[in-house]
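We name chains A, B, ... by the order of the sequence lines, and we start the count at 1 in each one.
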Amino acid sequence: MTIVAGKTGARQRLRPLLRKIWEHRADYAYVLPAIAVMLIVIAYPIYYTIELSFFNTPPGLQLRDKIFIGVDNYTAILTSPVFWKVTSNTLIWTLASTFIAFVLGFGCALALHRDFIGRGVLRAILIIPWVISAVAASYIWKWIYHSDFGIIGAVLVGLGLADRPPNFIDSVSTVLPSLIVVNIWREFPFAMIMMMAGLQTVPDQLLRAAKVDGANAWQRFWHVTFPHLRNVSTVTILLLAVANFNSFIIPWIMTGGGPSNASHIWITHIYELAFGRQRWGVASAYSVLLFFILMTLGYFYVRALSGNDRKDGSA
Amino acid sequence: MTRITLGGAVLRGTVSTALVASLMSAPALGAAPVDLSKWSPEYVRSIAGTQDFDTAADCGKVTPLDYKGRLTFWYQGVFEGDPDLLRQYYKDFFETFRKTYPNIQLEEQALTYNDLLDKFRTALLGNAAPMAVRLQILGGTEFAAKGYLEPLKPEDVGYSTEDFWPGAMKAVTWDGVTYGIPTNNETMAFIWNADIFKRAGLDPDKAPATWEDVVKYSKQIHDKLGIAGYGLVARKNAGNTPYRFMPQLWAYGGGVFDEATANPTYKEIELASPQSKAALQASYDMYVRDKSVPVSALTNQQADNQPLFLAGQLGMMISHPSDYNVMLDLQKKATGTDKDKAQTVIDNMRYGLIPTGPDGKRAVVFGGSNIHILKPEYVEGGKVDEPAAKAIICMWTSPEWSLKMAYAGSNPGNLNGFKTKWMKERLESIKFLDVTTSMLPYGIPFPALPQSPEIMNIIVPDMLQNALTGAMTVDQAADDAAKKVKDLMGGGL
């Protein structure tokens, strides 16, 4: 009796849903080509990467001759010291780059929000690192950092501040911070633009009212400006974090992940595993793990955006 | 000046050929049809310009000159460290090919040494490879073992297997079948700045005899002049690293396997042997203990050493004779006093044999490139225009073009290239060519294994980086590398 009642209930719930789909059949037809393309270019590669992560692909065999090994790739990754080294590098890279680029960008946005002579020129100059090609920037920075004839070293030695050029990218202890500086230099203009856009939305009358009520500059920032920027800050941080998790160009061009894996982050390591060492299976397993991490970040990103929408709707 | 050193080198090379021929010939030769013992600079001079070749006529017999077809072709081309002269010859080659075969629609693509393998592997995975490809010597067995290549031997394009270096033929042979034809083969030499030697209190006309001398000289140059002594290269994923470290490793009696022995089996891994560790220790001593080499060695390649050398900031390095032409090209671009400084360096540039190990062993990588035809199923469109592919292969591996395309740097893949008038002209115009010829008998090919690219481009540089950065001790780095090779050979993850 209960089963029959359950089935009837389900059928009753399904009927209006199907009716709704039928009523919107034209809408679905419009989006069908896009969905089909998405399935081909996104869903299939994801499926294939997951499938490949269960196979061994030795360098002497073609990919079609891959050997099924179950979850061995995942076990190998999680028990490998390189994995933990690369993961720690990735976390340091992502957190430091994201946080500092955001703070720096926010600071610049606040400074440029005031009206002063030359503001437009300064804004244009600060945007340059973001619009310059990452490849070109990496080569320029490699030259700036060069351990034997880099500009920084030459200036320091020339000024008598150092006996020999500092070692930025040929040392395991300094390479990652040096690359993070380049990444921050590239990314802070993005945060600046986002926050400048956010600052435009802070109601002027609220700031004036707070001033009339005797609030000082910090109090006005903390109690009026910042709450209005919370959502745009969340989105900016999430976008920066996702971009940093996926970074490739700067570390690959400047150091190739070296020396001694000290600047390998997930993506460069995956690239080397796949294209340098042809470990397609292990590289795929890494990619699957990274996919889930990024999906989690994506979930928070979408939630932040939805939060914005809800608030905008209720306002 | 150098000629004296070269003369000595030549003498030593000639006298020792009986002994060293076995070093080079045995792994490479088997029943060697090429008598390597006669390949002295004198012999090369004696045969230069003795025979004329008509490339178009010869290749016309392989693929008729009016043949109509289409060819996609990728090749390891010139890179930033090559001289302008070589660039011009590459340009000339493709112009001549188009004139010789006006009805073949050629779509060629040049890639640098460090990019070619990655791109080619990726293209193969998507069945989007070109019909023909010219790869570095390391790549031949990898792709042959995987079944991507069509069998191809010199006879298929009108030449004889005996026209090519046996060591090079081994690099295109897998499981007894030949899958390609060598285009050029190289043995590098040792370069030093006589002026720097003199100022550092060293004999300006004498190259370091042993690797221990290199370590000593490097320190002396650094301590006295405050500049880098030896141009160490330890970058990962760069061909320059194995080409400079393996001669050191072999000279000390080490190796990845037994590739430096008479009959290599590639069964025993030698990277953790005391001899290999001694070679690694020498690099460690220069980089860490003495700080006498460029600090940027871990991220640099030879192209970065060249400007250092030209600026008089580097005393010694390993490279091709082409580096002399590179220096001339770079000097032309210099301005003001830099131009004069560069000229001083060029005037003081000396070439000699690569130093020996503690037991008198001398070694150099027998490098080069090969040309191959792909199987249709891996090619974009699923078709290979074989006559068109053979036409370009015949031309590139001809005595004329295999010499011209190696003009400033290495040796022609086709030994008949040495007999052409261009070789005679080359001997007169390219300085220090004799040294690289003198190094030929000491050449050791990389192991002819599909795993070689990973071993040479990743595992060996990793070992160097681990030791030089202090991430591991010399012993640990060598043991770690040996384990990685063992895992790799065992098909591990």
Evaluate B:Tyr378 against A:Gln62 for side chain to side chain contact (heavy atoms under 4.5 Å, CB included), listing each step before the verdict.
CA-CA 11 Å; B:Tyr378 305 110; A:Gln62 280 193 32; 2.7 Å; yes
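Sorted by first and then second residue, the salt bridge (Lys or Arg N to Asp or Glu O under 4.0 Å) pairs with a member in residues 291-317 of chain B form an empty list; sequence neighbours excluded. Residue pairs meeting the ring-ring contact (aromatic ring centres under 6.0 Å, His included) criterion with at least one member in residues 59-81 of chain A, sequence neighbours excluded: A:Phe54-A:Tyr74, A:Phe55-A:Phe68.
Within 6.0 Å of the OH atom in A:Tyr139, the count of heavy atoms belonging to other residues, nucleotides or ligands does not exceed 12. The number of heavy atoms from other shown groups lying within 6.0 Å of NZ (B:Lys341) does not exceed 12. Heavy-atom neighbours of A:Lys66 NZ from other residues, nucleotides or ligands within 6.0 Å: above the threshold of 12. In the displayed structure, B:Glu380 atom CD is contacted under 6.0 Å by at most 12 heavy atoms of other residues, nucleotides or ligands.
Interface summary for chain A: among B:Ile458, B:Leu308, B:Asp462, the most heavy-atom pairs under 4.5 angstrom belong to B:Ile458. For the options B:Ala228, B:Pro294, B:Ala297, B:Pro307, heavy-atom pairs under 4.5 Å to chain A are most numerous at B:Pro294. Chosen from A:Phe149, A:Tyr271, A:Phe275, the residue pairing most often with chain B at heavy-atom distances under 4.5 Å is A:Phe275. Counting heavy-atom pairs closer than 4.5 Å to chain A, the top-ranked of the candidates B:Arg235, B:Glu454, B:Met472 is B:Glu454.
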List, one per line, each side-chain donor-acceptor pair under 3.5 Å for residues 283-294 of chain A, sequence neighbours excluded.
from: A:Ser284; atom 1: OG; to: A:Trp280; atom 2: O; distance (Å): 2.7
from: A:Tyr286; atom 1: OH; to: A:His269; atom 2: NE2; distance (Å): 3.4
from: A:Ser287; atom 1: OG; to: A:Ala283; atom 2: O; distance (Å): 2.8

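Proximity to chain A (any heavy atom under 4.5 Å) is shown, for B:Leu124, by neither the backbone nor the side chain. Heavy-atom distances place no part of A:Phe168 under 4.5 Å from chain B, backbone and side chain included. Interface remark: B:Tyr148 contributes backbone and side-chain atoms alike to the contact with chain A (heavy atom separation under 4.5 Å).
Considering B:Asn300, B:Val295, B:Leu298 in turn, B:Val295 is the only one that fulfils the side-chain contact (heavy atoms from CB on, under 4.5 Å) rule with A:Ser147.
Rounding to the nearest 0.5 angstrom, the gap separating the OG atom in A:Ser260 from the CE atom in B:Met463 is 12.5 Å. Summarising the geometry, atom CG belonging to A:Asp148 is positioned 11.5 Å from atom CD1 belonging to B:Ile227; distances are rounded to the nearest 0.5 Å.
In this structure, A:Asp170 contributes its side chain and B:Thr299 its backbone to a donor-acceptor pair below 3.5 Å.
Contacts of residues 115-123 of chain B with chain A at a heavy-atom distance below 4.5 Å involve B:Asp118, B:Arg121, B:Thr122, listed in sequence order.
Across A:His146 and B:Ser296, no two heavy atoms sit closer than the pair CE1-OG, 3.1 Å. For the residue pair A:Leu61 and B:Lys146, the shortest heavy atom distance occurs at O-CE, 3.3 Å.
No side-chain heavy atom of A:Arg277 sits less than 4.5 Å from a side-chain heavy atom of B:Ile459. With contacts defined as side-chain heavy-atom distances shorter than 4.5 Å, the pair B:Leu125/A:Arg64 does not qualify. Put simply, the side chain of A:Gln278 does not reach to within 4.5 Å of the side chain of B:Gln451, judged on heavy atoms.
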